Enquirer: 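Right, I'll just put the structure down here and ask away after.
The sequence lines fix the lettering, A, B, ..., with proteins before strands; numbering per chain opens at 1. The structure displayed is predicted, hence computed values, not measured ones. Every heavy atom of this structure was used, including side-chain atoms; hydrogens, water molecules and symmetry mates were not.
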Amino acid sequence: MFPPAYQPHGVKMLYNGEPVDLTPAQEEVATMYAVMKDTDYATQAKFNSNFWQDWKKILGSNHVIKKLELCDFTPIYDWYQSEKEKKKQLSSAEKKQLRDEKAKAEEKYTWALVDGVKEKVGNFRVEPPGLFRGRGQHPKMGKLKRRIFPENIVINIGKGAPVPECPMPGHNWKEIRHDNTVTWLAFWNDPINEKEFKYVFLHPSSSLKAQSDMKKYEKARQLKDYIDKIRKTYTKDFGSTDPTKRQIAVATYLIDRLALRAGNEKDDDEADTVGCCSLKVEHVKLLDSKKIEFDFLGKDSIRYLNEVAVEEKVFKAIGDFQKGKKSGDDLFDRLDTNKLNAHLKEFMPELTAKVFRTYNASITLDNQLEHTDGSIVPEKIGDYQRANKEVAVLCNHQRTVSKSHGAQMEKLEGKMAELKALREEIVIDLERARKGKPPRKDEDGKTKRNQSPEQLEKKLEQTDNKIQKMELDMKVKDDLKTVALGTSKINYLDPRITVAWCKRNDVPIEKIFTKSLLQKFTWALEAEPTFRF
DNA sequence: CGATAATAATCGGGTTAAAGGAA
DNA sequence: CTTCCTTTAACCCGATTATTATC
């Protein structure tokens with residue numbers, strides 16, 4: 001339940017060139033600062049104000065080190081780098097031994113007895129202290145994330161069950177609760193935003209999580225029976241004279257067609273991102289010929305950039321929503337997620353905006369998988385990945401392009417050029433062989449092997465196949481460079497679709513689901529080959 | 001040429017931030 | 001509305017696998 005207690009490293013930072021004594025708390029904070037110095041925190045102005053403010057709070061009024069900003073952290077930074085280097089130098093056997101020892105010591109924290117069943121705990125470690133980064137331009141970037149102590153932690157455990165021993169001598173848990181209406185095992189206040197909480201939950205493989213996961217997909221499947229009515233209704237209301245109704249119609253349309261998130265209101269101390277209901281006027285641009293461009297930052301400050309051809313009435317409605325408003329104003333000024341979800345519940349019990357994402361993701365996969373034309377397993381896996389990609393693009397699941405992507409593509413281009421040059425050689429050789437001319441000399445001046453036209457034709461075909469395959473591979477690689485397939489697989493795609501497809505196509509399920517996904521989806525593994533979402 | 005070592009690229013799963021939504 | 005809880009998300013980093021270099 002705890003990160004290893006702080007170990008002083010005995011390295012001092014310098015002030016005016018002189019070593020300064022530090023208390024353990026100061027040393028911990030100084031280390032954080034030093035190790036983060038060369039990250040992108042350093043380039044962000046917010047970092048400094050947040051960090052020094054926090055540190056002064058920790059030191060209190062009687063701290064001895066003045067003008068901390070002027071201290072030299074280089075010795076601590078160097079110490080940290082050398083520690084990292086030392087760790088790297090360990091042999092793999094030594095690394096494994098360290099890993100195993102750690103796992104053994106933590107074993108007892110990794111399980112919970114739930115209704116008599118031993119279940120894996122998901123995140124049993126308390127988040128260690130550090131510097132908060134946040135995603136995108138976060139107002140709290142660089143803030144000190146203080147160490148969590150037992151006094152900060154509330155434990156939730158069955159009445160009469162033995163309370164876990166507090167692993168820090170001299171400390172005690174904040175509170176012991178017995179609440180069987182919630183799923184968390186422990187929580188503490190988020191040190192970055194004390195109004196928020198961090199929880200310890202069960203592992204995704206636990207039956208509790210599996211049950212709610214299955215429920216989620218069953219609810220999304222239920223939407224099939226209501227979607228026609230919902231679509232008919234919002235299409236009708238695109239032109240409604242009731243402005244609220246009209247906004248609800250267009251918002252529902254966007255959530256359904258573009259898989260936008262609901263878009264709850266956000267506080268000023270959070271990153272400035274939006275979803276459907278919180279879209280601002282400037283995020284949507286009317287283009288020519290009934291096309292609309294969306295350009296905004298969504299969850300995790302991931303950019304959503306999409307040019308969509310929409311129905312004329314939607315085009316007109318969005319233009320009307322923008323009329324008389326300025327940049328920064330809400331596009332849907334009569335709407336919030338509460339109202340929208342309340343409206344959705346009129347169609348189907350428990351229907352909320354996020355169900356559309358699950359529904360559309362899963363049904364897209366199911367439909368796309370109909371185009372499975374590969375004949376061997378690797379080709380079929382390619383077909384699956386293409387289907388998976390459609391979903392990832394729909395949901396805008398992105399990843400950062402790997403640093404080496406450009407170099408990798410160049411390398412492939414080089415290989416491709418070689419292959420094409422080889423092909424040209426073969427073509428010439430083939431011409432000569434057909435005319436009965438003797439083989440030419442290669443670049444070393446040696447005479448090439450004499451080959452029959454048939455042999456050369458075969459070689460040409462093989463080379464053409466190689467070129468074709470490589471072209472396809474390169475295209476796939478480039479297409480997928482910003483697309484994350486994993487997120488939808490874990491969160492949006494009903495695993496029964498995949499299981500059924502594997503069974504129908506004789507693809508081993510292990511080729512699609514990793515070990516941990518198989519554990520998470522055990523409830524779905526018995527799906528019939530005929531299962532359709 | 002094949003075997004082995006070195007390096008590159010990908011994979012897998014843990015971590016924790018940031019959403020949605022019920023009460 | 002806020003508080004509390006649960007799901008969803010990208011990223012990090014070590015392990016594994018693929019590729020290339022070297023013997």
Enquirer: Of all of residues 394-402 of chain A, which get a heavy atom below 4.0 angstrom from DNA chain C, listed by number?
Expert: A/Asn396, A/His397, A/Gln398, A/Arg399, A/Thr400

Enquirer: What's A/Lys345 touching, base or sugar-phosphate or nothing? Going by heavy atoms closer than 4.0 Å.
Expert: sugar-phosphate

Enquirer: Can you sort out the partners of A/Tyr6 under ring-ring contact (aromatic ring centres under 6.0 Å, His included), two or more places apart, ordered by chain and number?
Expert: none

Enquirer: When we call it a touch if two heavy atoms are under 4.0 Å apart, what does A/Phe132 touch: a base, just sugar-phosphate, or nothing?
Expert: sugar-phosphate

Enquirer: Residues from residues 140-147 of chain A sitting under 4.0 Å of DNA chain C, heavy atoms only?
Expert: none

Enquirer: Under 4.0 Å, heavy atoms only, any strand: does A/Lys411 hit a base, just the sugar-phosphate, or nothing?
Expert: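 The residue A/Lys411 makes sugar-phosphate contact but no base contact.
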
Enquirer: In residues 206-224 of chain A, which residues come under 4.0 Å of DNA chain C by heavy atom?
Expert: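 Nucleic-acid contacts, sorted: A/Lys209, A/Ser212, A/Lys216.
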
Enquirer: What I want to find out is whether A/Arg386 reaches A/Asp383 closely enough, with some N-O distance under 4.0 Å, to be called a salt bridge.
Expert: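 Salt bridge flag = yes for A/Asp383 with A/Arg386.
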
Enquirer: Which pairs with one or both residues in residues 190-200 of chain A pass salt bridge (charged side-chain N to carboxylate O under 4.0 Å, His left out), sequence neighbours excluded?
Expert: A/Glu127-A/Lys198, A/Arg146-A/Glu194

Enquirer: Can you pull the contact range of chain A along DNA chain B, 5' to 3', using atoms under 4.0 angstrom from its heavy atoms?
Expert: B/dA8 to B/dA22

Enquirer: Does C/dC13 have its OP1 or OP2 closer than 4.0 Å to a side-chain nitrogen or oxygen of A/Lys95?
Expert: no

Enquirer: Short of 4.0 Å, heavy atom to strand atom, which residues of residues 333-344 of chain A count as contacting DNA chain B?
Expert: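 Residues of residues 333-344 of chain A under 4.0 Å from DNA chain B: A/Asn341.
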
Enquirer: For A/Phe197 together with A/Phe187, are the ring centres under 6.0 Å from each other?
Expert: yes

Enquirer: Is the shortest side-chain N/O distance from A/Tyr492 to OP1 or OP2 of C/dT7 below 4.0 Å?
Expert: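 No, no such contact exists.
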
Enquirer: On the nucleotide C/dA9, are OP1 or OP2 found under 4.0 Å from the side-chain N or O atoms that A/Arg357 carries?
Expert: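 Answer is yes, contact under 4.0 Å.
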
Enquirer: By ring-ring contact (aromatic ring centres under 6.0 Å, His included), which residues pair with A/Phe521, not counting sequence neighbours?
Expert: A/Phe513

Enquirer: Please state how far atom CG in A/Asp300 lies from atom C1' in C/dC11, giving the value in whole angstrom units.
Expert: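 Distance, rounded to whole Å: 9 Å.
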
Enquirer: Students often get this wrong, so: under 4.0 angstrom with heavy atoms, is A/Lys84 touching a base, only sugar-phosphate, or nothing?
Expert: nothing

Enquirer: Answer with base, sugar-phosphate or nothing: what part of the nucleic acid does A/Pro128 contact at a heavy-atom distance below 4.0 Å?
Expert: sugar-phosphate

Enquirer: Could you pull out all residues at least two apart from A/Tyr33 that satisfy ring-ring contact (aromatic ring centres under 6.0 Å, His included)?
Expert: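 With neighbours one apart ignored, the set is A/Phe47, A/Phe51, A/Trp52, A/Phe73.
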
Enquirer: Classify the nucleic acid contact of A/Lys415 as base, sugar-phosphate or nothing, counting any heavy atom under 4.0 Å across all strands shown.
Expert: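 Sugar-phosphate only.
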
Enquirer: For DNA chain C, what residues of residues 250-276 of chain A have any heavy atom nearer than 4.0 Å?
Expert: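 Correct list: A/Arg261.
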
Enquirer: Ignoring hydrogens and geometry beyond distance, is the side chain of A/Lys195 in donor-acceptor contact with the base of C/dT3 at under 3.5 Å?
Expert: no

Enquirer: According to the Watson-Crick and G-U wobble definitions, with both distances under 3.5 Å, which nucleotide is paired to B/dC1?
Expert: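 In the structure as shown, B/dC1 has no Watson-Crick or wobble partner.
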
Enquirer: Can you name the residues that form a ring-ring contact (aromatic ring centres under 6.0 Å, His included) with A/Phe132, not counting sequence neighbours?
Expert: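 So A/Phe132 forms a ring-ring contact (aromatic ring centres under 6.0 Å, His included) with A/His138.
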
Enquirer: Donor-acceptor check, side chain of A/Gln247 to backbone of A/Asp333, threshold 3.5 angstrom: yes or no?
Expert: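 A pair under 3.5 Å: yes.
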
Enquirer: Can you run down the ring pair (Phe, Tyr, Trp, His ring centres under 6.0 Å) pairs that involve residues 78-98 of chain A, sequence neighbours left out, and say none if there aren't any?
Expert: A/His9-A/Trp79

